[in-house]
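Taking it in order: structure first as structure tokens, then the write-up.
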Amino acid sequence: MAKRITDRVTWVGKIDWELKHFHGEELSTHRGSSYNAYLVRDEKVALIDTVWRPYDREFVSRLKEEIDLHAIDYVIMNHNEVDHSGALVELLREIPDVPIYCTAKGEAILRGQYHADWNFVRVRTGDTLCLGATTLTFIEAPMLHWPDTMFTYMSGDNILFSNDGFGQHYASESLYNDCVDHEEMMYEALKYYVNILNPFSPMVMRKVKEILGMGLKIDMICPSHGVVWKEHPEQIVEKYLQWADAYQENQVTIVYDTMWQSTRLMGEAIAEGIHEVSPTTTVKLMNAGKEDKNDILTEVFRSRALLLGSPTINNGYGYGVAGLLEMIRGLKFKKKHAAAFGSYGWSGEAVKQLSERLEQAGFAMLNEGLRMAWVPDDASLQQCRDYGRNIAQALNA
Ligand code: FEO
């Protein structure tokens, strides 16, 4: 159902309560998501973004309840990944000549995905589209998080339509940030940043500073996923400036695979050692085979250091940490420390290999790692505690 935001702006998107994974299986979405599209009605009418393809007919049908489709003068595509452009094919069956405003990269992506010769209008930063009393201004935002991305600013109502930027995978009937559980929504905003935007943090920092430098009055930020930032929209802008600046809290996250519990025992003893030296440091232990990978990555993002453990299996390391390492490599964490640990029976290559992968991923290695044969006895567990103490002292130095 459409939801009125201002006299001129109406939300016409789709809440996806069922969504549990996004980007295939790459990103878990425990709390669902939404695909936000917005109808702007002035003397001229603009539709900003659409929804994911499985909901295309529902989207067009509901849009028709809100407006005669032929009254739509412009479609603005801030970003053309299928979760926002998927309903274009169905929509343009009805209004095939409607101009589609997007960046040059956006046009290329739409052509590449849909192979249609639509009425594209390329825009660049600073280009404007007058709707009557209000004007849309386009701001290119490449790599936030695709090369085609742009933001659209609406004067008069002072709304920034930011597409993926400032979004959250968070389904809610409540449209606004002040009407939902703040803590869980902020967790989803953080998880979204970590798993989607973190590799592009330098671009995020530059773009946010550029927009702040434009001196625009921003009363609301309307992203393409999750709730609208109506109450203190600057709070998420401030968070982005923090998150984009090699963010970390006083936390160490210990992530491990374990086959017969020896590596788990090592991890727990290391955690005890860290806590003995640094009781105010949050230490989290996460079994890579049991915990959600994107939640683990969110904890890594929060941390000063990642301690990664695995037993040696088939002359290498476990499947759980292997998958995580590939995601960690891609997410380009900055200014974090790391160390490896793990048990082994005979060959024992895992710790050295984990250390190499972590270093290749940009982590500052705290030591050469700790490996132990078979099941750790009391003396070995004490050695693990000492290892944890040394790590805490190194982090506090
Ligand atoms: Fe929400 Fe990059 O699509």
Side-chain angles (χ1 to χ4, degrees), residues 11-38 47-56 58-59 75-89 91 100-114 138-152 160-172 175 177 185 188-201 203-204 207-208 221-229 236 240 243-244 294 297-298 327 330-332:
W11 178 92
V12 289
K14 170 67 187 173
I15 302 168
D16 191 344
W17 293 94
E18 286 189 354
L19 191 77
K20 294 302 166 203
H21 291 96
F22 190 78
H23 285 160
E25 294 294 316
E26 287 290 309
L27 175 56
S28 62
T29 52
H30 306 316
R31 295 187 173 94
S33 191
S34 67
Y35 318 105
N36 298 337
Y38 302 94
L47 173 69
I48 300 181
D49 296 324
T50 73
V51 304
W52 190 28
R53 195 161 198 165
Y55 300 110
D56 58 357
E58 186 178 331
F59 168 74
V75 173
I76 314 298
M77 291 304 301
N78 278 331
H79 167 47
N80 298 282
E81 196 166 2
V82 293
D83 51 325
H84 308 296
S85 64
L88 272 180
V89 173
L91 180 67
I100 299 175
Y101 284 64
C102 60
T103 60
K105 289 274 172 43
E107 177 183 344
I109 287 169
L110 286 172
R111 286 184 184 278
Q113 291 182 144
Y114 303 109
F138 305 110
I139 305 163
E140 291 170 278
M143 302 320 295
L144 267 72
H145 67 123
W146 271 22
D148 64 320
T149 303
M150 68 175 187
F151 295 169
T152 297
L160 184 69
F161 296 96
S162 58
N163 199 269
D164 284 336
F166 311 118
Q168 333 94 46
H169 284 309
Y170 187 69
S172 171
L175 190 57
N177 64 308
M185 185 274 290
E188 294 303 335
L190 172 66
K191 181 175 173 181
Y192 189 100
Y193 184 89
V194 173
N195 287 277
I196 294 180
L197 287 162
N198 190 61
F200 313 109
S201 285
M203 295 81 149
V204 171
K207 188 52 58 177
V208 170
I221 296 176
C222 290
S224 60
H225 299 289
V227 294
V228 167
W229 299 94
I236 190 62
Y240 266 46
W243 294 341
N294 304 104
L297 294 166
T298 304
M327 299 186 89
L331 290 180
K332 297 182 180 164

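Quick note: numbers below take in every heavy atom, side chains included, and nothing from hydrogens, waters or symmetry partners. Both ligands and their constituent atoms are indexed starting at 1 by order of listing.
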Problem - Shortest-distance N/O/S atom, His79 versus atom 2 (Fe) of ligand 1 - result: NE2

Practice task
State the atom name: nearest N, O or S atom of His145 to atom 2 (Fe) of ligand 1.
Solution key: NE2

Exercise for the section: Kindly give the atom name of the N, O or S atom of His84 closest to atom 1 (Fe) of ligand 1. Expected result: NE2

Problem - NZ/Lys20: more than 12 non-hydrogen atoms of other groups inside 6.0 Å - result: yes

Fill in the blank from the handout: Which of Leu197, Thr149, Leu144 passes side chain to side chain contact (heavy atoms under 4.5 Å, CB included) with Met203? Answer is Leu144

Practice task
Look at the N, O or S atoms of His225, main chain and side chain alike, and state whether any lies under 2.8 Å from atom 1 (Fe) of ligand 1.
Solution key: yes

Problem - Short N/O/S contact of Glu81 with atom 1 (Fe) of ligand 1 (below 2.8 Å) - result: no

Problem - Check against side chain to side chain donor-acceptor pair (under 3.5 Å), Lys191 and Ser28 - result: CA-CA 10 Å; Lys191 181 175 173 181; Ser28 62; 2.7 Å; yes

Problem - Ring geometry between His225 and Tyr192 (parallel below 30°, tilted from 30 to 60°, perpendicular above 60°) - result: tilted

Practice task
Please note down the angle at atom 1 (Fe) of ligand 1 between OD1 of Asp164 and OD2 of Asp83, to the nearest 10°.
Solution key: 170°

Exercise for the section: Kindly determine whether Tyr114 and Ser85 satisfy side chain to side chain donor-acceptor pair (under 3.5 Å), including the steps that lead there. Expected result: CA-CA 10 Å; Tyr114 303 109; Ser85 64; 2.7 Å; yes

